[in-house]
Amino acid sequence: MIKHLQELLEKAVSDLQRKKIFPKEIKPQINFERTRSKEHGDFSTNLALTLAKPLSKPPREIAQQLIDVIIESSHVEKVEIAGPGFLNFFLTQNCRRQVIKQVLKQGSSFGDNNFGNNKKITVEFVSANPTGPLHVGHGRGAAYGASLANVLAKCGYQVQKEYYVNDNGRQMDILAVSVWLRYIELCGVPVVFPDNGYQGGYIVDIARIVRKKYGDKFLYKSQDIYEGVPVDEKDGGDKEAHIDGLIVNAKNLLDKKGYDKIFQIALKNILSGIKTDLEGFNVEYESWFSEKQLHDSDTIDRALDKLKENNYLYEKEGAVWFMATHFGDDLDRVVERENGQKTYFASDIAYLMNKFERGFEGALYVFGADHHGYIARLKAAAKGMGINPDNIEIVLTQFANLVSKGKKVQMGTRSGNFISLSQLVKDVGVDAARFFYVMRSHDQHMDFDIDLAKSQTNDNPVYYIQYAHARICSIFNKLEQQAMQHNKEIGLASLHMLNTEQEQTLLRTISSYPEILTAAARTRAPHLVANYLREIAQNFHSYYNAHQVGIEDENLRNARLSLCKATRIIIANGLQLLGASAPKTMFSEDK
RNA sequence: GCGCCCGUAGCUCAACUGGAUAGAGCAUCGCCCUUCUAAGGCGAGGGUUGCAGGUUCGAGUCCUGCCGGGCGUGCCA
């Protein structure tokens with residue numbers, strides 16, 4: 001429709017140019033946007049305002065000149081000048097109602113578009129280290145990433161959701177040692193648990209599994225375990241040095257085989273827990289990508305070679321550095337440490353390269369706001385390898401403060417003091433949890449009020465939307481029982497009877513759904529869908545209270561049923577995009 | 001110190017590419033269930049968009065400075 005209106009105006013402009021009223025050099029960009037209030041019609045353009053300067057004429061005068069030559073269209077009822085010089089276009093009633101026909105015909109694919117041009121991209125999100133269960137802090141990235149991926153898929157992107165598993169490196173060693181020490185404890189030997197170890201109870205659970213499977217096989221004497229280990233922080237030492245010492249001893253005492261066993265049990269256990277938690281959160285990935293795989297294959301070496309070929313690597317103080325500053329980063333970055341180990345950043349570079357080697361044309365990363373420092377270095381790495389940095393996109397999600405009883409909840413993975421994502425889902429339900437996280441703009445700090453989310457009352461906006469959906473289902477049920485089921489033909493033939501204010505409003509909202517979807521994809525903002533759903537639900541509730549659908553008049557009844565059905569389809573679609581269900585009834589069985 | 005993000009109603013947040021009278025929910029105060037689910041609807045009050053400048057037909061939105069909050073600034077992951 002917007003395209004049609006643009007053509008109308010383009011013709012008007014060239015007509016005026018032919019008549020020499022407008023100079024022929026101008027080539028204005030014609031923008032249309034949906035109006036906010038219906039007094040302003042359906043679509044408006046600011047063309048006259050933007051032309052005011054180049055033509056040095058008052059905008060309203062230009063607007064009048066345009067109106068005078070705009071040719072008639074079967075879709076346009078009238079065009080008005082308003083405010084400082086907007087041109088407001090009013091569509092015909094018939095045109096406005098056509099959208100119902102479209103929605104009923106297209107069903108769940110209504111609103112699909114090709115904004116993304118079929119671009120093949122990865123959307124990577126969460127990617128939390130497999131060193132412990134996901135907590136509520138991960139929830140926002142999970143909800144946002146999954147919803148965004150869904151929206152992008154509707155808008156013509158070929159999306160692959162990936163979780164990058166950091167199954168390599170020091171944090172994993174710390175995990176393995178933490179498990180091992182808890183295991184030693186279970187064997188009856190007291191240990192002083194390191195300050196920098198993972199404190200959570202889940203570590204003990206894993207240790208129990210190890211013990212069950214291997215008995216006392218990995219048990220060593222306390223003095224061997226602590227042999228030569230620097231003192232811990234609580235004893236006035238350095239907690240990093242302390243745990244590194246423990247790692248060395250663990251690897252020596254257990255040898256590679258034993259150490260790997262503990263390591264693998266810990267990794268598998270935690271990773272499968274993460275998968276389960278995410279599934280319970282309605283988040284599914286197409287790919288779980290292992291960092292270790294990058295090490296085991298030659299990917300990291302090849303990536304570094306590429307940088308080397310391009311002369312962006314150099315050696316200094318025994319380490320290998322990437323010239324990130326050459327591409328706008330603040331500092332050069334180490335890719336290989338003095339001790340020969342590749343840094344985490346080296347894996348990141350390799351992973352990035354790998355994404356494009358696998359044929360993806362774009363890589364979208366969802367990071368927590370604390371990772372914003374990665375933007376510059378990742379883009380630098382891309383440039384260094386000859387990858388167009390415009391195809392690397394990093395979206396930050398701001399932190400969600402957890403609030404309980406009006407107080408901020410402090411959390412830390414290492415301390416084990418956190419509320420797990422699965423606990424949250426258990427308390428508030430997936431629907432509310434998913435919706436709550438994504439109803440706010442991702443670049444906005446937000447407070448996640450646990451008590452509010454837990455309260456299964458009307459405070460939860462998701463219920464409001466689901467209720468609208470359930471109400472529609474209920475109407476159809478009721479009428480079917482009375483043998484007045486929806487007759488689609490009669491309904492579509494009677495659309496002209498939809499004349500009430502509430503029906504007009506609902507129609508307006510329905511027809512803007514495709515634009516909302518595109519906007520959500522373009523600005524990477526799934527919360528637009530959440531806001532939209534609230535609006536359409538509100539429109540419906542309002543309608544529901546004002547007018548009866550199940551009425552005697554067969555024509556009007558079926559027209560209204562068509563409108564209801566279109567509304568229901570859109571609500572169901574939107575909820576699905578956000579990972580929430582669209583229930584047929586709000587009467588839950590367990591209550 | 002430097003860099004990134006944010007600041008909108010009492011509270012939590014919207015505002016599409018710079019557009020028209022800055023909108024919702026909660027909370028407060030009225031009203032509406034013999035009518036398809038009241039987890040609902042209708043209405044009222046509530047604002048110098050942190051402050052000060054600038055850009056222009058037009059600024060919550062863009063630019064500069066300040067104030068306040070968050071995060072980052074490792075041969076950590």
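Throughout, protein chains are lettered first and strands after them, A, B, ... in sequence-line order, and every chain is numbered starting at 1. Just so we're clear, the structure is a prediction, and the values are computed from it rather than from any experiment.
- The residue A:N88 sits close to a base: some heavy atom pair falls under 4.0 Å.
- Under the 4.0 Å criterion applied to side-chain N and carboxylate O atoms, A:R34 and A:E515 are assigned as salt-bridge partners.
- Counting distance only, with no hydrogens placed and no angle test, the side-chain atoms of A:D330 and the base atoms of B:G3 include no donor-acceptor pair under 3.5 Å.
- For the pair A:M172 and A:F32, nearest-nucleotide mapping onto RNA chain B gives the more 5' position to A:F32.
- The residue A:Y544 sits close to a base: some heavy atom pair falls under 4.0 Å.
- Nucleotide B:U37 is matched to nothing when pairs are restricted to Watson-Crick or G-U wobble geometry with both distances under 3.5 angstrom.
- Side-chain atoms of A:T585 and base atoms of B:U37 include a donor and an acceptor less than 3.5 Å apart.
- Salt bridge present: A:D301 and A:K342 bring a charged side-chain N and a carboxylate O closer than 4.0 Å.
- Comparing the same atom, P, in B:G41 and in B:A22 gives a spacing of 24 Å after rounding to whole Å.
- For the pair A:D195 (side chain) and A:K239 (backbone), a donor-acceptor distance under 3.5 Å is absent.
- The distance from atom CG of A:D244 to atom P of B:C75 is 15 Å, rounded to the nearest whole Å.
- Aromatic ring pairs are classed by plane angle as parallel below 30°, tilted from 30° to 60° and perpendicular above 60°; the pair A:F327 and A:Y312 is perpendicular.
- A:S37 comes within 4.0 angstrom of no nucleic acid atom, judged by non-hydrogen atoms across all strands.
- When the side-chain nitrogen and oxygen atoms of A:T50 are compared with OP1 and OP2 of B:C57, none of them lie within a distance under 4.0 Å.
- Nucleotides B:G19 and B:G58 have their P atoms positioned 14 Å apart, rounded to a whole Å.
- Within 4.0 Å (heavy atoms only), A:Y543 reaches no atom of the nucleic acid at all.
- Electrostatic pairing of A:R170 and A:D244 counts as a salt bridge here, judged by a charged N lying under 4.0 Å from a carboxylate O.
- With sequence neighbours excluded, the residues that form a side chain to side chain donor-acceptor pair (under 3.5 Å) with A:S37 are A:E39.
- For the C1' atom pair drawn from B:U17 and B:U35, the interatomic distance equals 47 Å after rounding to whole Å.
- A:K53 has its NZ atom 11 Å from the P atom of B:U55, to the nearest Å.
- No donor-acceptor contact under 3.5 Å links the side chain of A:N46 to the base of B:A20.
- Two residues are said to be in side-chain contact when any heavy atoms from C-beta on lie closer than 4.5 Å; A:H547 and A:T500 meet this criterion.
- Between the P atoms of B:G10 and B:C67, the separation comes to 25 Å (whole Å).
- B:A44 and B:U56: their C1' atoms are spaced 38 Å apart (whole Å).
- Residue contacts shown for A:F399 are limited to sugar-phosphate atoms, with no base heavy atom under 4.0 Å away.
- The nearest whole Å value for the distance from the CG atom in A:L51 to the P atom in B:U56 is 18 Å.
- For the pair A:F86 and A:I375, both in contact range of RNA chain B, the more 5′-proximal nearest nucleotide belongs to A:I375.
- Of the nucleotides present, none pairs with B:G46 by Watson-Crick or G-U wobble criteria with both distances under 3.5 Å.
- Between A:R557 and B:C36, a side-chain N or O to OP1/OP2 separation shorter than 4.0 Å is absent.
- Of the nucleotides present, none pairs with B:A59 by Watson-Crick or G-U wobble criteria with both distances under 3.5 Å.
- If you check B:C36, B:C16, B:C57 against the side chain of A:L49, the one that comes closest is B:C57.
- Here B:U37 presents its C1' atom at 10 Å from NE2 of A:H541, a figure rounded to the nearest Å.
- Scanning residues 467-474 of chain A for heavy-atom distances under 4.0 Å to RNA chain B yields A:Y467, A:A470, A:R471, A:S474.
- Atom pair A:K342:NZ and B:C75:P shows a separation of 17 Å (rounding to whole Å applied).
- Distance A:Q548 CD to B:C36 C1': 5 Å, rounded to the nearest Å.
- Rounded to whole angstrom, the span from the CG atom of A:D370 across to the P atom of B:G74 amounts to 15 Å.
- The shortest side-chain heavy-atom distance between A:F86 and A:T35 does not fall under the 4.5 Å cut-off.
- For A:H372, the side-chain atoms get nearest to B:C71 when compared with the rest of B:U17, B:C71, B:A39.
- Using a 4.0 Å heavy-atom cutoff across all strands shown, A:A369 reaches sugar-phosphate atoms only and no base atom.
- In this pair, A:H138 and A:H135 present their aromatic rings tilted. The plane angle is within the 30 to 60° band.
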* Structure fact -> B/S/- along nucleotides 7-14 of chain B (protein heavy atoms under 4.0 Å) is S----BSS
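- Between A:D173 and A:K251 there is a salt bridge, since at least one side-chain N of the basic residue sits less than 4.0 Å from a carboxylate O of the acidic one.
- Anti is the classification of B:C26, since its glycosidic angle lies more than 90° from 0.
- Side-chain N/O atoms of A:Y464 include one lying less than 4.0 angstrom from OP1 or OP2 on B:G41.
- Using the Watson-Crick or G-U wobble rule with both distances under 3.5 Å, B:U73 pairs with B:G1.
- A salt bridge does not link A:K478 to A:E480: none of the charged side-chain nitrogens sits closer than 4.0 Å to a carboxylate oxygen.
- The shortest distance between the side-chain N/O atoms of A:Q538 and the OP1/OP2 oxygens of B:G40 is not below 4.0 Å.
- Under the side-chain hydrogen bond (donor to acceptor under 3.5 Å, both in side chains) criterion, the residue pairs touching residues 48-66 of chain A are A:K57-A:Q65, A:Q64-A:D68, with sequence neighbours excluded.
- Remark: A:H242 engages no residue in a side chain to side chain donor-acceptor pair (under 3.5 Å) (not counting sequence neighbours).
- Note on A:R36: a side-chain N or O is less than 4.0 Å away from OP1 or OP2 of B:A20.
- Separating the C1' atom of B:C26 from that of B:G65 is a span of 37 Å, rounded to the nearest Å.
- In this entry the distance linking CG of A:D238 with P of B:C76 reads 12 Å, nearest Å.
- Partners of A:D431 under the side chain to side chain donor-acceptor pair (under 3.5 Å) rule, at least two apart in sequence or in another chain, are A:Q466, A:S581.
- Which of B:A20, B:G40, B:C36 sits closest to the side chain of A:N545 comes down to B:G40.
- Across B:U21 and B:A15, the matching C1' atoms stand 14 Å from one another, rounded to whole Å.
- Applying the Watson-Crick and G-U wobble criteria (two distances, each under 3.5 Å), B:G68 pairs with B:C6.
- Rounded to whole Å, the separation between the P atoms of B:C51 and B:C4 comes to 23 Å.
- Counting any heavy atom pair closer than 4.0 Å across all strands shown, A:K57 reaches no nucleic acid atom.
- In this structure, the nucleotide among B:G19, B:G74, B:G41 sitting nearest to the side chain of A:S542 is B:G41.
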